[in-house]
Participant: 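Here you go, one structure.
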Amino acid sequence: MTVPNTPAGNPYGPDSYAQLLPPPPAPAEPPLGDELRIGAVITGVGAVLGVVLGLLWLWLAPRVGYSVQDNHILYRDPEGEELIGAVGVFSLLGLGLGLLTSLGAFLWTRARGGGIGVAVGLAAGGLLGSIIAWKLGTHLGATSDLRAHARAVGDGGTFDGPLELSAKGALMVWPMTAMIVLLFLSATFGKREPDRPPYWATPGPVREPGQPVSFQKPAPEREPESERASEPESEHASGQEPEPEPGQAPPPQEPPRPEPPAEQR
């Protein structure tokens with residue numbers, strides 16, 4: 001607790017044993033070429049994984065079934081949920097790949113402290129991979145010409161419809177998941193800068209063995225000259241002798257005069 005009316009600072013002057021901390025070194029910025037290279041590699045990996053995502057989506061996603069009756073194309077299950085099921089499978093696969101790519105990129109670049117290239121590469125690679133998977137799945141799936149397919153199976157036949165991504169927002173699941181997971185990993189397990197020691201833990205100057213320790217006495221405070229000049233005048237005006245300053249010898253006093261003998265009185 002600080003006592004009220006305590007003057008700020010050290011009243012005894014500067015501490016000769018206090019060692020000033022050097023300014024922190026400026027963090028070295030990684031070269032731009034490394035950032036571009038890391039971003040390009042992560043984007044390329046995302047494009048390759050987009051092909052894997054497209055094949056998995058084509059294999060796992062449900063299809064809408066059709067049947068041909070009296071030269072009419074009808075749904076096999078009018079209340080089916082195959083369309084939303086295809087979007088859900090695509091979103092879940094994108095979620096898994098977002099976790100995988102962000103974890104791999106973080107572990108790869110953890111020693112260098114990440115960088116802007118990692119985040120940009122994950123966002124661009126995730127979006128590019130999602131688009132590649134969407135186009136690849138719809139291209140390798142059934143044809144979108146339902147009439148031609150119905151003529152091929154004939155009356156009374158059934159067939160599967162094309163693979164469709166009815167909700168285009170599923171394309172953002174992969175990049176958004178990758179960015180969120182990267183942010184969490186960087187904040188939790190990222191590279192930390194060492195904290196500077198507190199000022200009281202700073203070591204003092206190195207002293208050789210046997211060297212005496214010298215202490216500096218605080219210099220006496222000096223009064224302003226205007227106050228010094230006004231004090232004698234006020235003291236003479238009041239009839240009192242001025243008091244000597246500290247460290248100054250008192251003025252000589254006159255000896256008492258002897259009294260005359262009683263006969264002369």
Side-chain angles (χ1 to χ4, degrees), residues 30 32 34-66 75-144 146 159-192:
L32 183 60
D34 293 345
E35 296 289 341
L36 294 177
R37 178 179 58 84
I38 292 175
V41 170
I42 296 176
T43 304
V45 172
V48 173
L49 292 178
V51 178
V52 179
L53 174 60
L55 296 177
L56 290 175
W57 184 47
L58 179 64
W59 177 36
L60 299 174
R63 271 85 166 178
V64 178
Y66 296 94
Y75 288 106
R76 281 184 299 185
D77 186 6
E79 297 181 357
E81 298 179 354
E82 287 80 5
L83 285 176
I84 193 63
V87 176
V89 171
F90 190 92
S91 300
L92 290 177
L93 292 174
L95 180 66
L97 287 177
L99 292 171
L100 180 63
T101 52
S102 59
L103 179 60
F106 174 75
L107 294 177
W108 180 40
T109 59
R110 183 183 180 184
R112 66 186 300 272
I116 189 63
V118 181
V120 174
L122 284 175
L127 183 59
L128 180 61
S130 299
I131 295 175
I132 292 175
W134 169 43
K135 294 296 183 181
L136 182 63
T138 55
H139 179 72
L140 297 179
T143 177
S144 59
L146 299 181
F159 63 94
D160 293 332
L163 188 59
E164 297 179 2
L165 188 65
S166 57
K168 300 302 186 291
L171 297 173
M172 299 299 299
V173 174
W174 181 353
M176 290 182 64
T177 303
M179 296 298 294
I180 293 174
V181 174
L182 178 65
L183 178 62
F184 171 76
L185 293 175
S186 300
T188 308
F189 307 103
K191 187 178 180 181
R192 297 272 195 273

Participant: Looking only at non-hydrogen atoms, find the nearest pair between Ala133 and Gly54 and report the distance.
Facilitator: CB-N, 3.4 Å

Participant: For the residue pair Leu140 and Leu55, establish whether any side-chain heavy-atom pair is separated by less than 4.5 Å.
Facilitator: yes

Participant: To the nearest 0.5 Å, how far apart are CG in Leu136 and CG in Leu58?
Facilitator: 7.5 Å

Participant: Using 0.5 Å steps for rounding, measure from the CG atom of Leu182 to the OG1 atom of Thr109.
Facilitator: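 So the gap between those two atoms works out to 7.5 Å.
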
Participant: What distance do Leu36 atom CG and Thr43 atom OG1 have between them, rounded to the nearest 0.5 Å?
Facilitator: 10.5 Å

Participant: Atom CG in Leu93, atom CG in Leu56: separation rounded to 0.5 Å?
Facilitator: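 Answer for the CG-CG pair, Leu93 versus Leu56, is 5.5 Å.
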
Participant: Just verifying a value: how many Å separate Leu49 CG and Leu100 CG, rounded to the nearest 0.5 Å?
Facilitator: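 Nearest 0.5 Å value for the CG-CG distance: 6.5 Å.
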
Participant: Using the test side-chain contact (heavy atoms from CB on, under 4.5 Å), find all partners of Leu92 that sit at least two apart in sequence or belong to another chain.
Facilitator: none

Participant: Which heavy atom in Leu83 sits nearest to a heavy atom in Ser166, and how many Å separate them?
Facilitator: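 Looking at all heavy atoms of both residues, the closest pair is O-OG, 4.2 Å.
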
Participant: Taking Arg110 for the side chain and Trp108 for the main chain, is one N or O donor matched with an acceptor at less than 3.5 Å?
Facilitator: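 Judged by distance alone, no pair lies under 3.5 Å.
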
Participant: Do the side chain of Thr101 and the main chain of Gly98 share a donor and acceptor less than 3.5 angstrom apart?
Facilitator: yes

Participant: What heavy-atom pair brings Ser130 and Leu171 nearest, and what distance separates the two atoms?
Facilitator: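 Taking Ser130 first and Leu171 second, the nearest heavy atoms are OG-O, 3.2 Å.
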
Participant: Using side-chain heavy atoms (C-beta onward) and a distance below 4.5 Å, is Phe90 in contact with Val173?
Facilitator: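 No, every pair of side-chain atoms sits at 4.5 Å or beyond.
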
Participant: Where is the tightest heavy-atom contact between Leu163 and Ala86, given as atom of each residue plus distance?
Facilitator: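 That closest heavy-atom pairing would be CD1-CB, 4.2 Å.
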
Participant: Spell out, as yes or no, whether a donor-acceptor pair under 3.5 Å connects the side chain of Ser102 to the backbone of Leu99.
Facilitator: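 Between the backbone of Leu99 and the side chain of Ser102 there is a qualifying donor-acceptor contact (under 3.5 Å).
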
Participant: Any idea which heavy atoms bring Leu127 and Met172 closest together, and the distance?
Facilitator: CD1-SD, 3.9 Å

Participant: Report yes if the side chains of Val181 and Leu103 come closer than 4.5 Å at any heavy-atom pair, otherwise no.
Facilitator: no

Participant: Using modelled atom types only, decide if a donor and an acceptor are shared between the side chain of Glu82 and the backbone of Pro62 within a distance under 3.5 Å.
Facilitator: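 Checking the backbone N and O of Pro62 against the side chain of Glu82, no donor-acceptor pair under 3.5 Å is found.
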
Participant: Test side-chain contact (heavy atoms from CB on, under 4.5 Å) on Phe106 and Val118; report intermediate values, then the result.
Facilitator: CA-CA 8 Å; Phe106 174 75; Val118 181; over 6 Å; no

Participant: Which heavy-atom pair separates Trp134 from Trp57 by the least distance, and what is that distance?
Facilitator: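 Heavy-atom minimum between the residues: O-CZ3, 3.9 Å.
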
Participant: After noting the C-alpha distance and the side-chain angles of Thr138 and Glu164, does the key distance pass the side-chain contact (heavy atoms from CB on, under 4.5 Å) rule?
Facilitator: CA-CA 6 Å; Thr138 55; Glu164 297 179 2; 5.8 Å; no

